[in-house]
Peer 1: 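The following block contains the structure, expressed as structure tokens.
In each ligand, atom 1 is the first atom listed, and ligand 1 is the first ligand listed.
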Amino acid sequence: MKTAEDDLPSSIPQHVAIIMDGNRRWAKERHLPSGEGHRVGARVLREIVEAAGDLGIKIVTAYAFSKENWKRSQDEIKIILYLFDYYLKKERENLNNNGVRFQVIGRLDEMSPKLQKEFKKTEEFTRGNTRLLLNLAVNYGGRAEIVDAVKKIAEKVKENKIQPSEIDDKIISNHLYTAGLPDPDLLIRTSGELRISNFLLWQMAYTEFWFTPQYWPDFTKEDLRHAVLEYQGRSRRLGGS
Ligand code: FPP
């Protein structure tokens, strides 16, 4: 028989999704250029990935650049793209030494060939690691991901590899960028915004949401622990009774 305790996720969330929001406001409040917020934000992500590994979290999916972010100023875009390049080169060895597997999710083919090469190199270099998977969402949009999955499935239907009647949740999940991964247990969003902003739309059907007013550059390991503790106190019925 099921007891109340069965509903409590006493365990650590396996998969944590993060919307790292508030970098520009953080910078603005300090009269700094927005790029400074992103620079500190990238450093914080590095710390949080390390802390997540220590807590026993197995997957972190972080929203680093959305499809909508191309609307920002050329200068700001340039800084974010520069940070990707800088951190990929700087952290590749370190990720590997810490047992982190790195993976990009998003429309990578629309990024510069140079950056694509750095992303692929890091993915290949860290492929064998199992301690923690870092999924970096880059040029990512949740609807675009679903569109891409539908196209892949439609191709297979056309080639007679899938029958339309066979299409179910599992087949759709298996054609997303996150194919093979469990859905996020917990979503953390900083900066006080209460939206999911086109992030992991399909995957977050039953995810627990945790919001904080802090800006991402101020987010600490202790805040991560706090979010996890609160998650552990929630009752997850996953649609059941
Ligand atoms: C949201 O804050 C943040 C972003 C759009 C960019 C996030 C990028 C990083 C943290 C750098 C990532 C770099 C690496 C190497 C992973 P915002 O700019 O929307 O801030 P606002 O809400 O105050 O305007």
Side-chain angles (χ1 to χ4, degrees), residues 16-53 59-96 98 100-108 110-112 114-123 125-126 132-142 144 187-200 211-221 223-224:
V16 176
I18 308 179
I19 301 180
M20 309 179 285
D21 198 11
N23 292 349
R24 289 191 298 188
R25 278 167 285 167
W26 181 91
K28 201 169 172 204
E29 283 182 10
R30 286 159 181 78
H31 309 287
L32 295 168
S34 59
E36 198 54 21
H38 297 314
R39 200 178 63 77
V40 177
R43 219 166 57 203
V44 168
L45 177 62
R46 189 194 173 286
E47 273 169 37
I48 293 303
V49 168
E50 211 174 289
I59 307 167
V60 171
T61 302
Y63 209 174
F65 195 83
S66 74
K67 284 178 63 58
E68 288 69 37
N69 286 152
W70 292 111
K71 293 180 199 142
R72 297 192 173 192
S73 76
Q74 283 304 310
D75 280 355
E76 191 184 342
I77 292 171
K78 234 164 102 178
I79 288 171
I80 296 176
L81 298 183
Y82 166 80
L83 282 171
F84 289 150
D85 187 66
Y86 173 82
Y87 268 93
L88 286 167
K89 287 178 178 143
K90 180 170 171 278
E91 294 294 333
R92 201 173 282 139
E93 287 278 349
N94 200 24
L95 288 169
N96 202 40
N98 282 294
V100 177
R101 178 156 77 92
F102 176 86
Q103 185 176 281
V104 178
I105 58 167
R107 287 189 179 162
L108 199 59
E110 292 170 0
M111 309 298 287
S112 77
K114 185 170 158 267
L115 206 49
Q116 284 187 45
K117 207 177 107 202
E118 292 302 328
F119 279 125
K120 296 238 165 75
K121 209 167 146 184
T122 309
E123 285 184 340
F125 193 64
T126 60
L132 181 138
L133 168 65
L134 170 61
N135 274 320
L136 198 66
V138 175
N139 194 24
Y140 175 89
L187 167 75
I188 294 174
R189 183 175 189 150
T190 56
S191 95
E193 308 295 347
L194 308 178
R195 314 183 268 278
I196 59 170
S197 300
N198 203 16
F199 193 39
L200 304 173
F211 298 106
T212 172
Q214 282 163 297
Y215 296 144
W216 176 250
D218 287 329
F219 194 78
T220 65
K221 294 175 184 194
D223 298 317
L224 177 68

Peer 1: Answer whether the closest heavy-atom distance between the side chains of Arg46 and Asn94 falls below 4.5 Å.
Peer 2: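 Of all side-chain heavy-atom pairs linking Asn94 with Arg46, at least one is under 4.5 Å.
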
Peer 1: Measure the OG-CD distance between Ser112 and Glu118 for me, rounded to the nearest 0.5 Å.
Peer 2: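 Here the rounded value is 9.5 Å.
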
Peer 1: Give the numbers and elements of all ligand 1 atoms closer than 4.0 Å to a heavy atom of Ala64.
Peer 2: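 Those atoms are 6 (C), 7 (C), 8 (C).
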
Peer 1: Work out whether the distance between some heavy atom of Arg46 and some atom of ligand 1 is less than 4.0 Å.
Peer 2: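 The answer is no: ligand 1 sits nowhere under 4.0 Å from a heavy atom of Arg46.
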
Peer 1: Which bit of Leu45 gets closer than 4.0 Å to ligand 1, counting heavy atoms only: side chain, backbone, both or neither?
Peer 2: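 Leu45 to ligand 1: side-chain contact only, backbone stays beyond 4.0 Å.
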
Peer 1: Less than 3.5 Å between some nitrogen or oxygen of Gly22 and one of ligand 1, yes or no?
Peer 2: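 Yes, since at least one N or O of Gly22 sits under 3.5 Å from an N or O of ligand 1.
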
Peer 1: Starting from atom 24 (O) of ligand 1, which protein heavy atom do you reach first, and at what distance in Å?
Peer 2: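 Closest protein heavy atom to atom 24 (O) of ligand 1: Arg24 NE, 2.8 Å.
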
Peer 1: Would you mind listing which atoms of ligand 1 come within a distance below 4.0 Å of any non-hydrogen atom of Met20?
Peer 2: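 By the 4.0 Å cutoff, the relevant atoms are 1 (C), 2 (O), 3 (C), 10 (C).
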
Peer 1: Report yes if some N/O of Asp21 lies less than 3.5 Å from some N/O of ligand 1; otherwise report no.
Peer 2: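 Asp21 vs ligand 1: N/O contact under 3.5 Å present.
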
Peer 1: Anything under 30° is parallel, anything over 60° is perpendicular, the rest tilted; go ahead and classify Tyr63 against Phe199.
Peer 2: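 Tyr63 vs Phe199 ring planes: parallel.
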
Peer 1: As a quick check of understanding, evaluate side chain to side chain contact (heavy atoms under 4.5 Å, CB included) for Leu45 and Tyr87, giving each step before the final call.
Peer 2: CA-CA 11 Å; Leu45 177 62; Tyr87 268 93; over 6 Å; no

Peer 1: Can you say whether the rings of Phe119 and Phe102 are parallel (under 30°), tilted (30 to 60°) or perpendicular (over 60°)?
Peer 2: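 If you compare the ring of Phe119 with that of Phe102, the planes turn out parallel.
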
Peer 1: Hey, which atoms in ligand 1 end up nearer than 4.0 Å to a heavy atom of His38?
Peer 2: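 What qualifies from ligand 1 is 4 (C), 6 (C), 11 (C), 18 (O).
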
Peer 1: Can you pull out the closest protein heavy atom to atom 9 (C) of ligand 1? Residue, atom name and distance to 0.1 Å, please.
Peer 2: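 Of the protein heavy atoms, Asn23 ND2, 3.9 Å lies nearest.
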
Peer 1: Report, in ascending order of atom number, the atoms of ligand 1 lying under 4.0 Å from any heavy atom of Tyr87.
Peer 2: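 Near Tyr87, the atoms of ligand 1 are 15 (C).
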
Peer 1: Roughly how far, to the nearest 0.5 Å, is NE2 of His38 from CG of Leu83?
Peer 2: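 Leu83 atom CG to His38 atom NE2 measures 8.0 Å (nearest 0.5 Å).
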
Peer 1: Should one rank Tyr63, Phe84, Tyr82 by closest heavy-atom distance to atom 14 (C) of ligand 1, which comes out on top?
Peer 2: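 It is Phe84 that holds the nearest heavy atom.
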
Peer 1: For the residue pair Asp85 and Leu115, establish whether any side-chain heavy-atom pair is separated by less than 4.5 Å.
Peer 2: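 Yes, close enough: below the 4.5 Å cut-off.
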
Peer 1: Rounded to the nearest 0.5 Å, what's the gap from CG on Asn98 to CG on Leu134? Could you check?
Peer 2: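 Spacing of CG (Asn98) from CG (Leu134) equals 12.0 Å.
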
Peer 1: May I ask you to check if ligand 1 and Asn69 share an N or O to N or O distance below 3.5 Å?
Peer 2: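 Between Asn69 and ligand 1 (N or O atoms, distance only) the closest approach is not under 3.5 Å.
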
Peer 1: Between Asp21 and Phe211, is any pair of side-chain heavy atoms under 4.5 Å apart?
Peer 2: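 Answer no - side chains too far apart.
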
Peer 1: Can you check which of Arg72, Lys28, Arg25 brings a heavy atom nearest to atom 18 (O) of ligand 1?
Peer 2: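 Among Arg72, Lys28, Arg25, the closest heavy atom to atom 18 (O) of ligand 1 belongs to Arg72.
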
Peer 1: Give the contacting part of Leu88 toward ligand 1: side chain, backbone, both or neither, where contact means a heavy-atom distance below 4.0 Å.
Peer 2: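 It is neither; nothing of Leu88 touches ligand 1.
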
